[in-house]
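Worksheet: one structure, shown below.
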Number of protein chains: 2
Amino acid sequence: MRGAQGDLLRLVATGQAESRAELSRLSGLAPSSVSLRVEELLDAALLVEEGAGTSRGGRRPRRLRVSPTAGLLAVADLGAHHARLALLDLSGVPLVVEERPCDIALGPEATLDWMAAAFDDLLRSHAPPGVPLRGVGTSVPGPVDPATGRVVSPSRMPGWNAFPVADHLGAHYDLPVLVENDANLMAVGEARAWPGCDNLMVLKAGSGIGCGLIVEGRLHRGRGAAGDISHVRVRADSSAMCSCGHPDCLEAYASGAALMGALADQGFAVHRPADVAALVADAVPEATALVRNAGRLIGEVLTVLVNFINPDAIVVGGSLSGAEPLISAVRAAVYERCLPLATRDLEIAVTRTGPDAALLGAGSLLLDAVLA
Amino acid sequence: MRGAQGDLLRLVATGQAESRAELSRLSGLAPSSVSLRVEELLDAALLVEEGAGTSRGGRRPRRLRVSPTAGLLAVADLGAHHARLALLDLSGVPLVVEERPCDIALGPEATLDWMAAAFDDLLRSHAPPGVPLRGVGTSVPGPVDPATGRVVSPSRMPGWNAFPVADHLGAHYDLPVLVENDANLMAVGEARAWPGCDNLMVLKAGSGIGCGLIVEGRLHRGRGAAGDISHVRVRADSSAMCSCGHPDCLEAYASGAALMGALADQGFAVHRPADVAALVADAVPEATALVRNAGRLIGEVLTVLVNFINPDAIVVGGSLSGAEPLISAVRAAVYERCLPLATRDLEIAVTRTGPDAALLGAGSLLLDAVLA
DNA sequence: CCAACTTCCTTCGAAATCGAAGACAAGCCG
DNA sequence: CGGCTTGTCTTCGATTTCGAAGGAAGTTGG
């Protein structure tokens, strides 16, 4: 997909533009040039014209959409014990989403080969005939070196250190391959649901604590560990040692794993972070108190970051995001301690995208790679 | 200066390109197009050819420079009690730099009118005849709303709240006018001296504590207060109330003002932050201990930000940057507590640009506005 | 000293892009 | 219903940009 056309296709695929006129405004190209390119894209069956849009006072625009036959993306959101898998069309709309159990502790080769087989399975059963696969992507629950596509010293992925995930997955396909941290992909996916918010912090509160950072509309990767807040030292009464070797890391108090541990000690049967959220929904006082405290600790850490980054919104996702006291406690801490200028128009809210955020994010980044 | 030509002129002015070939590589334009545009810029006397560069194995490039007659920028770095003023040529090289006493407590009108008079004075005495003034810019020691050019709730600028600095200064000139926070401008100025470092945190340790953040090579403004670390709560033995109404802000322990206060209490005659650095240079134990503690506190705050942003370098400037123990203590704290992935290639160093960083930064941003 | 190679820059026809003008298709309104 | 306004899309000549080829001015190495 060569440059100029790629830009136009991307604008349509991401939903930013629906008509030739909008394409002209957003791409900076002259209306005549846009018409030419669109004509070519229609001929190539990558775009289709689909009825007319709503008038804004004049002639109605002829609505453009990415053709459903233009191609598919296979994406996965890889967790410790299960993976969400999906096929997306080029505009990022899921054809099918499935959750399947898996175990990343079996190591990278086994897991990635399993994933490739699962993709093949989905393609066989759900892909319309003749529609080509155009890209493959997955999240991993650990840092990824943006330069090499390798996992780097992941704490929750035994056996994966320095494994070239992108290369191994790419060996199955002659296609663009994307490998990115789970919280980062979640942030990218969420970002599309927050138009006008160019600076976004997306917290993933699951069994670990992660954060993805969107700056000026683009994912900030840093050296691969950007967005890490797990190992910030927090103000705590007791003293807990973290696996990283430092005392009183946020993760040791506020992660889903830590909360599960504390609840298990009190005799509750919790096996997944969602169980914690369920206890909170049932108004179990012990769970609510723990979650609220976790929210406070997270909020105090975010305080520093909000003052420094001045995001437009903080979005909370992950399996604990359903626990209302978590969000409330984060809000309370941030609004109390941050500079008024930083919180004046700051929104702190729960995910708009839901559990598929990372899948949609993978689609979004893959689209860029496919149209490069 | 219309678009395509502006881009080329900017590349030469910023020192990124010195020959037509480099311009072609960096701008993405075809060599033939570059030759055409450069010819026009030479005709317009905005560029000049100046001898030949060094060969890289083939024909020597014909070195291009921005003409000294292309224009001037008048810039200021406004402090509480004195301002640094400079005239720069379009490539950001100072013709003259002066420091003059002033007092921002006299209010915005008086200060800005004084500044305009000082610019006129410099232009009369140092500007070559016939060279036009093309832009005016100043730093202010407080947050600036990027949208409106107004100062927003500045703590060290009594009487300036919500004052439209850019508009008032612009009334004297029919030119691009730039108003930006001092630490931010310092960061922009410093960034040019760190090629290859696209993500930079620049700490200004003066009578206050500020920080400027460069992400992907561009200044991150947020809502105007981005880069603020003054009001982060720190782990302290005693309990100090900050002017912001919260206890134990970093500013209350680690700012130049706080250090001056503590030293004055111990009978030392200190009137400016530089006096603190001088005491440290003289190895006065009380001063060294205080500064080292300040560095530790600052470093602990930076820890959170380094994990989150993964910058390529942390640069320390401001009048306390000459105090070696400050940097050492920052280094110690950051390297001890941060993730290995985040610190592996992280450089923590003192300013390469020196006291003129903010002036050069103003020149850099102004150039963008002039060539827009 | 003389090929052989590199790199820098320009020339010139081909191709892409632009921009102004107009055709087209609505909504608005008396 | 028939002008009027507004916004969308296309046509076509003018302009800009490209790209391949070649000349200019070096270095390198026998």
Side-chain angles (χ1 to χ4, degrees), chain A residues 1-67 91 371-372, chain B residues 1-67 91 371-372:
Chain A
M1 218 83 42
R2 38 221 181 276
Q5 290 184 13
D7 285 346
L8 298 184
L9 199 46
R10 188 197 329 269
L11 286 168
V12 177
T14 55
Q16 295 177 73
E18 271 197 344
S19 68
R20 292 163 174 80
E22 283 177 344
L23 281 174
S24 173
R25 281 192 291 269
L26 289 172
S27 70
L29 295 176
S32 46
S33 308
V34 169
S35 264
L36 268 175
R37 300 285 148 264
V38 167
E39 199 59 39
E40 292 170 14
L41 288 167
L42 290 171
D43 285 348
L46 293 172
L47 281 183
V48 286
E49 266 184 355
E50 198 192 63
T54 54
S55 166
R56 301 193 300 151
R59 172 177 173 173
R60 285 192 307 204
R62 292 150 73 182
R63 186 189 290 161
L64 299 170
R65 300 206 46 186
V66 174
S67 164
S91 52
L371 299 183
Chain B
M1 216 88 37
R2 39 218 183 276
Q5 291 185 12
D7 286 346
L8 298 183
L9 198 47
R10 187 196 332 268
L11 286 168
V12 177
T14 56
Q16 295 177 75
E18 271 198 343
S19 68
R20 291 164 174 79
E22 284 177 342
L23 280 174
S24 173
R25 282 192 291 269
L26 290 172
S27 69
L29 295 175
S32 47
S33 308
V34 169
S35 264
L36 269 175
R37 300 285 149 263
V38 166
E39 199 60 39
E40 291 171 13
L41 288 167
L42 290 171
D43 285 349
L46 293 173
L47 282 182
V48 287
E49 268 185 352
E50 197 193 65
T54 55
S55 164
R56 299 194 304 151
R59 172 175 173 174
R60 287 189 306 202
R62 291 152 73 182
R63 185 187 290 159
L64 299 171
R65 301 205 47 187
V66 173
S67 165
S91 53
L371 299 183

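Numbered from 1 within each chain, the chains take letters A, B, ... in sequence-line order. Note: hydrogens, waters and symmetry copies are ignored here, and every other heavy atom, side chains too, is used.
Within the 4.0 angstrom heavy-atom criterion, no nucleotide atom of any strand lies near B/Arg63.
Applying the 3.5 Å distance criterion, the base of C/dT7 shares no donor-acceptor pair with the side chain of B/Arg59.
Within the 4.0 Å cut-off from OP1 or OP2 of D/dT10, at least one side-chain nitrogen or oxygen of A/Arg62 is found.
Distance B/Leu36 CG to D/dG19 P: 15 Å, rounded to the nearest Å. The CZ-P distance, from B/Arg37 to D/dT16, rounds to 7 Å in whole Å. Whole-Å rounding puts the B/Glu39 CD to D/dT16 C1' distance at 17 Å. At whole-Å resolution of the value, CG in A/Asp7 and C1' in C/dA16 are 15 Å apart.
Position along DNA chain D of the nearest nucleotide to B/Val34 versus A/Glu49 favours A/Glu49 as the more 5'-ward residue.
The heavy-atom pair separating B/Arg60 from B/Gly53 by the smallest distance is CD-O, 3.2 Å. When all heavy atoms of A/Ala52 and A/Arg63 are compared, the closest pair comes out as O-NH2, 4.0 Å.
In this structure the side chain of A/Leu8 never reaches within 4.5 angstrom of the side chain of A/Gln5, judged on heavy atoms. Inter-residue side-chain proximity for A/Leu23 and A/Leu64 is flagged as met; some heavy-atom pair is nearer than 4.5 Å. The closest side-chain heavy-atom distance from A/Leu46 to A/Val66 is not below 4.5 Å.
Atom OG of A/Ser67 sits about 11.0 Å away from atom CG of A/Leu41, to the nearest 0.5 Å.
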N/O contacts under 3.5 Å, protein versus nucleotides 27-30 of chain D?
none

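Residues from residues 17-32 of chain B placing a heavy atom under 4.0 Å of any atom in DNA chain C, listed by number, are B/Ser19, B/Arg20, B/Ala21, B/Arg25, B/Pro31, B/Ser32.
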Which side-chain N or O atoms in residues 29-37 of chain A pair as donor and acceptor under 3.5 Å with protein atoms at least two apart or in another chain?
{"residue": "A/Arg37", "atom": "NH1", "partner": "A/Glu40", "partner atom": "OE1", "Å": "3.4"}
{"residue": "A/Arg37", "atom": "NH1", "partner": "A/Glu40", "partner atom": "OE2", "Å": "2.7"}

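Within the structure, side-chain hydrogen bond (donor to acceptor under 3.5 Å, both in side chains) pairs that include any residue of residues 11-29 of chain B comprise B/Thr14-B/Gln16, B/Arg20-B/Glu49 (at least two apart or interchain).
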